[in-house]
**Q** 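Before I ask anything, let me first share the structure, which is written out below as structure tokens.
Chain naming here is simple, since letters A, B, ... match the order of the sequence lines and numbering starts at 1 in each.
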Amino acid sequence: MPSVNLTHLDELWFQVSGTHCNLTCDHCFISCSPHNRSFGYLSLSDVQSSIAQATQEGVREFYFTGGEPFLNPEMVDILCWTLQHGPATVLTNGTVLKEEWLTKLQEAERQSRYSLEFRLSIDGFSPETNDPIRGDGTFDRAMAGVSLLCEFGFLPIITATRIWDEESDLEVLSQFKTVLKAHGYSRPRIKLLPTLQIGAEENRTRGYLQHEVVTDTMLSDFDQHNLVCSHSRIVTDRGVHVCPILIESPDSNLGQSISESLVPFEINHGACYTCYQYGSICTNASSGNTLSTTEPTVNPPDTARDDGDT
Amino acid sequence: MVIHSVTNRNTKIKSRFALFGGVYSNYLALEAALQDIRQRGVDAIYCLGDLGAFGPHPDRVFPILHNNHVIVVQGNYDDSVGNALNDCQCGYTDPRDNHFAQISYDYTLQNTSEPNRKFMRGLPPEIRLTVDDQNILLCHGSPRRTNEFLWESTTSDYYLEHLLEVQRADVIAATHTGIKWNRKLDRGLFVNVGVLGRPENDGSTNVWYTLLELRTDSSWTVSHIPVAYNHTALAREMQQEKLPDEFVDTVVSGWWTTCLEILPSKERRRGKH
Ligand code: SF4
Ligand code: SF4
């Protein structure tokens, strides 16, 4: 089985609200919901302790995901504290943001030398395309979140899971931009994501097929830096896991401390096949770690693909 | 001149180096920068890679570099053009950014002569210097990846300390992002030397190079130097070569119109688009 070494801990992720989310998206790859508490919240002191360990490894950036991170009552304090130590990115569905939080975060970013990135998931440029997947009324609520972030001077990266044919990317992107501009976002940033056929998505479309695995031969001339697991780890309330995608797989938990987690990992999961095709789908474009999301390294399967992220 | 002093100003200068990145075929800015550098007097001139891209007539930069004894590190563009790869390996992910990157790459590849491509193929991916007891590492993106973006707002101190430690360097100089910055750390100094090829997305038409000065007390001074050049002539030549209007717009306005999606939010906010 092909195994991937962690070359360096570039990004440390936090499953900061566990599997708790105010939404129940049909394609969520870890089946988050208002009732799924299988992973719990991380506290500010949990985050501080992991960041202290990660700084010993020369960590470059921090990412916060869930569930919906802003359900965690300490989320704003966590981001304000983190920004004193490095760049921070938070993945949100944008539906629960409050002005008083953004006031604090705007000030924390102003005082920091580092960027605070918001990544906000929307799965279509209209209620008709988005709401069947993310739930009734979620398009308008997410757009209200986008407008609010823009009012505070943030430039959220809109992440859209590709539930259309890949050939339509440029067309969909331009429609997205038109809609975002109409909501007050004058220079929209958009990141397209492939779907991952796990979690709720497995029921919505299909799971991975038997042949969708990464083999030793496939990895032989592949730049492993394109895989998130070669440069990231994620902290949950259960331990430190290999990557943000596989936290529900028992073998993904590599230990209780950052140093224990810096071991090679066998990439024998179906989701690893999507990573192989699309590169570091979880990482921001500014890192230069990502393959183009429009040009998979091998032909993708025919079925429409989709992903849940925040 | 933007001076970021990391030194005791009463000490004397022992060595002075000029460094720049990303010429991007902007031979007019290269000539202007070299004239300024000659007037100041330096011990050596280094280019940290990416000779082609973006601008017109890629072959014109080579004789200027050779005649001025500029020592060149290989950038991702030089590797791609030198070896006739399919794309520039710039590390863009956005479809629009990739569209413009490909236009620029195809033009540069077609218009770079074989002897110049051979020169690019043979360039070293990094250069190490020892000046007195100071170890200096010159690279394109980062010491570990030619196309890693080291932005000021997304690069933690911990990461830079780590790079200085594992590379056993007192100074690391890189470019690739197109925007200059520098940071003094416990273990040494990191400098992004900026680029000569296009302005910095700040609404000014000038471009930047960097002077690094070593003082008698082993401390360093970093000065980022603005370079004005005949940008209207460059814009005219780009139009004659039928390069995209978007590129010409950047040269005359000082605002980036492409490669925007790789910018972190702080750097993006400073721009217009
Ligand atoms: S899912 Fe992707 S990031 Fe996670 S272990 Fe597999 S290849 Fe690595
Ligand atoms: S995809 Fe994001 S917003 Fe939707 S249920 Fe999952 S975590 Fe919540």
**Q** Is any side-chain heavy atom of B:E148 closer than 4.5 Å to one of A:R60?
**A** yes
**Q** Under a 4.5 Å heavy-atom cut-off, does chain A meet the side chain of B:D157, its backbone, both or neither?
**A** both
**Q** Just give me the residue among A:G58, A:S186, A:S115 that pairs up with chain B most often, heavy atom to heavy atom, under 4.5 Å.
**A** A:S115
**Q** For A:L155 and B:S265, which heavy atoms make the closest approach, and how far apart are they?
**A**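 Smallest interatomic distance, heavy atoms only, reads CD1-O, 4.3 Å.
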**Q** For atom NZ of A:K177, is the number of surrounding heavy atoms from other residues, nucleotides or ligands below 6.0 Å larger than 12?
**A** yes
**Q** Report which part of A:I157 has an atom under 4.5 Å of a heavy atom belonging to chain B: side chain, backbone, both, or neither.
**A** neither
**Q** Check whether any side-chain N or O of B:R269 sits under 3.5 Å from a backbone N or O of A:G153 as a donor-acceptor pair, and report yes or no.
**A**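 A pair under 3.5 Å: yes.
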**Q** Is there a donor-acceptor pair under 3.5 Å between the side chain of B:S156 and the backbone N or O of A:V59?
**A** yes
**Q** Regarding A:D10 and B:R145, does a basic nitrogen lie under 4.0 Å from an acidic carboxylate oxygen?
**A**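 No, no charged N to carboxylate O under 4.0 Å.
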**Q** Would you give the length of the straight line joining atom CG of A:L170 to atom NE2 of B:H99, rounded to the nearest 0.5 angstrom?
**A** 8.5 Å
**Q** Ignoring hydrogens and geometry, is there a side-chain-to-backbone donor-acceptor pair from B:E152 to A:R113 under 3.5 Å?
**A** no
**Q** With no hydrogens and no angle check, just 3.5 Å: does a side-chain donor-acceptor pair link B:Y158 and A:H85?
**A** yes
**Q** Please identify, among A:F118, A:F62, A:Y114, the residue contributing the most non-hydrogen atom pairs under 4.5 Å to chain B.
**A** A:Y114
**Q** How close do B:I262 and A:A285 get, counting heavy atoms only, and between which atoms?
**A** CG2-O, 4.2 Å
**Q** If I measure from the heavy atoms of chain B, does A:E109 come under 4.5 Å with its side chain, its backbone, both, or neither?
**A** both
**Q** Under a 4.5 Å heavy-atom cut-off, does chain A meet the side chain of B:E261, its backbone, both or neither?
**A** both
**Q** B:S153, B:G141, B:P264: which one forms the most heavy-atom pairs within less than 4.5 Å of chain A?
**A**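 Most pairs with chain A among the choices: B:S153.
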**Q** Is it the case that more than 12 heavy atoms not belonging to B:N86 sit under 6.0 Å from its CG atom?
**A** no
**Q** Give a yes or no answer on whether the side chain of A:R187 reaches the backbone of B:R268 with a donor-acceptor pair at less than 3.5 Å.
**A**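 Checked: pair present.
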**Q** Please look at A:L9 and chain B and tell me whether the side chain, the backbone, both or neither of the residue comes under 4.5 angstrom of a heavy atom of that chain.
**A**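 For A:L9, there is no contact with chain B at all, as no heavy atom is under 4.5 Å.
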**Q** Out of curiosity, B:K266 NZ to A:R110 CZ, how far, rounded to the nearest 0.5 Å?
**A** 9.0 Å
